[in-house]
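Okay, so here's the structure we're looking at.
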Amino acid sequence: MLKHRIIPCVLLKDWQLVKSIGFDSFRTIGHPTSTARIYNARNVDELIVLDIDASLNDEEINTEIITDIANECFMPLTIGGGIRTIDDIYNVLNAGADKISINSKALDDLDFIKKASSIFGSQCVVCSIDVKKIDNKYIVYNKKIGATNIDPLSLAKLYQDYGAGEILLTSIDSEGSTKGYDIELIKLFKDKLEIPIILNGGMAEPAHAVEAIKNGADAVSAAYIFHFSKYTPNDIKKELLINNISTRRYIDYKIL
């Protein structure tokens, strides 16, 4: 049975980890290494770090920070942002990452997904899709080019066909809103792909994770809830188990 994962997804900007609202209005979470150390202690399943400086400013990927994070990170680590070449992937993996996430590069060059998955394995390649709802229609949104006419589900199917191992699906409208995940969006994806979907954007309480997984998410990703609320990843896992949803290792601290 598939174990549903709880995954913090944070942004790397100016040597700090930050949280955004709708991909804007950044709020500092903390230093990368200390934050990774906290995530280890709080029983998360994986960690996703997206380098927005490298992505938006065409800068080199900050492998120094990746190494620092990896040294404190005893769970699978996914790094995204600024990955443009196969050498970039080698560099990120050599710095300590377990997976890479690509967004703009995947959108520009489907064959890059195929090449990357053939060299590193599909389990290493996460394709990120950012979505906005405009005129009552979901469309793919890219930070550099803005709104497109691309249907997100069709794009996800293409990514799957070209070798992606997972999809990181982010609702820009929900991201940072603390109003819960975009359930209408994840329902469109339910049972439509053979690869896992990580739903990102909007979780403020454990019940939001339950709702997302019941409606099609294989894993849930978030940041706000872990830094600006009373809830821990373990609280989310407990809520999943109460609702008969399988999850990875849950620690009942009361019996330790």
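Small disclaimer: the values here were computed from a predicted structure and weren't measured. Counting from 1, the numbers follow the sequence of the chain as shown.
- For NZ of Lys115, the number of neighbouring non-hydrogen atoms (other residues, nucleotides, ligands) closer than 6.0 Å is 12 at most.
- Considering only heavy atoms from C-beta on, Leu47 stays 4.5 Å or farther from Phe74 through its side chain.
- Between atom OH of residue Tyr39 and atom OG of residue Ser34 there is a gap of 10.0 Å, rounded to the nearest 0.5 Å.
- A 4.5 Å side-chain heavy-atom check between Val44 and Ile6 finds every atom pair outside the cut-off.
- In this structure the side chain of Ile245 reaches within 4.5 angstrom of the side chain of Val210, judged on heavy atoms.
- Here the straight-line distance linking atom OG of Ser128 with atom OH of Tyr159 works out to 8.5 Å at 0.5 Å rounding.
- Using a 4.5 Å heavy-atom cutoff, the side chains of Lys132 and Asp173 are in contact.
- Checked by atom type and distance alone, the side chain of His4 never pairs as donor or acceptor with a backbone atom of Ala219 at under 3.5 Å.
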Item to check | Stepwise side-chain contact (heavy atoms from CB on, under 4.5 Å) test for Glu205 and Thr178 | outcome: CA-CA 8 Å; Glu205 59 185 57; Thr178 70; over 6 Å; no

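- Residues Ile186 and Lys190 fail the side-chain proximity criterion, which asks for heavy atoms closer than 4.5 Å.
- Between the side chains of Tyr181 and Asn200, not a single donor N or O lies within less than 3.5 Å of an accepting N or O.
- Under the 4.5 Å side-chain heavy-atom criterion for grouping Ile, Leu, Val, Met, Phe, Trp and Tyr, Leu193 is connected to Ile183 within one hydrophobic cluster.
- With rounding to the nearest 0.5 angstrom, the NZ atom of Lys214 is 8.0 Å from the CG atom of Asn244.
- Paired with Leu169 under the rule side chain to side chain contact (heavy atoms under 4.5 Å, CB included), one option of Val131, Ile198, Leu153, Asp182 passes, and it is Val131.
- Smallest separation of non-hydrogen atoms from Cys9 and Leu50: SG-CD1, 4.0 Å.
- Within the 3.5 Å criterion, the main-chain N or O of Asp87 finds a donor-acceptor partner in the side chain of Asn91.
- The neighbour count for Asp111 CG, taken as heavy atoms of other residues, nucleotides or ligands under 6.0 Å away, is above 12.
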Item to check | ring-ring contact (aromatic ring centres under 6.0 Å, His included) between Phe120 and Tyr90, worked out | outcome: CA-CA 9 Å; Phe120 304 103; Tyr90 275 114; 4.9 Å; yes

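- Residues Tyr231 and His208 place their aromatic rings such that the two centres sit no closer than 6.0 Å.
- Shown here for Ala209 and Met203, the closest heavy-atom pair between the two residues is CB-SD, 3.6 Å.
- Taking CZ from Arg84 and CG from Asp108, the interatomic distance works out to 11.0 Å, rounded to the nearest 0.5 Å.
- Distance check: Ile100 CD1 to Ile102 CD1 gives 4.5 Å after rounding to the nearest 0.5 Å.
- Taking all atoms of both residues into account, the shortest heavy-atom contact from Ile61 to Gly81 is CG1-O, 3.8 Å.
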Checklist entry - Can you list the steps and then say if Tyr141 with Thr170 is a side-chain contact (heavy atoms from CB on, under 4.5 Å)? => result CA-CA 10 Å; Tyr141 185 92; Thr170 300; over 6 Å; no

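- In Glu60, the CD atom is not crowded: 12 or fewer heavy atoms of neighbouring residues, nucleotides or ligands sit closer than 6.0 Å.
- The minimum heavy-atom distance between Asp218 and Ile197, with the atom names listed, is OD2-N, 2.8 Å.
- Thr78 has its side chain out of reach of Asp98: every pair of non-hydrogen atoms, C-beta onward, lies at least 4.5 Å apart.
- Side chains of Asn234 and Asn43: a donor-acceptor N/O pair is present below 3.5 angstrom, by distance only.
- Crowding of Lys192 atom NZ: a count of heavy atoms from other residues, nucleotides or ligands under 6.0 Å exceeding 12.
- The two residues Ala97 and Ile79 have their closest heavy-atom pair at CB-CG1, 3.7 Å.
- Asn142 and Asp130 share no side-chain donor-acceptor pair at under 3.5 Å.
- Exactly one residue among Thr232, Asp45, Thr247 makes a side chain to side chain donor-acceptor pair (under 3.5 Å) with Lys237. That residue is Asp45.
- Taking each heavy atom of Pro8 and Ser221 in turn, the nearest pair found is C-OG, 4.1 Å.
- The number of heavy-atom neighbours closer than 6.0 Å to NZ of Lys179, taken from other residues, nucleotides and ligands shown, is 12 or below.
- With rounding to the nearest 0.5 Å, the separation of OG in Ser171 from CD1 in Ile129 is 13.0 Å.
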Checklist entry - Could you walk me through whether Met75 and Cys73 pass the side-chain contact (heavy atoms from CB on, under 4.5 Å) check? => result CA-CA 6 Å; Met75 79 287 281; Cys73 190; 2.8 Å; yes

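- Looking at Pro32 and Leu12, their side chains come closer than 4.5 Å, going by heavy atoms from C-beta outward.
- At least one donor-acceptor pair closer than 3.5 Å links the side chain of Thr85 to the backbone N or O of Asp88.
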Next on the checklist: Apply side-chain contact (heavy atoms from CB on, under 4.5 Å) to residues Ile242 and Glu239 and explain how you reach the verdict.
Outcome noted: CA-CA 5 Å; Ile242 289 171; Glu239 189 71 16; 4.3 Å; yes

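- Looking at heavy atoms from C-beta onward, Val220 lies out of side-chain contact with Ile7 at the 4.5 angstrom threshold.
- For Glu166 and Arg5, the salt-bridge test passes: some basic side-chain N is under 4.0 Å from an acidic carboxylate O.
- Under the 4.5 Å side-chain heavy-atom criterion for grouping Ile, Leu, Val, Met, Phe, Trp and Tyr, Ile225 is not connected to Ile38 through any hydrophobic cluster.
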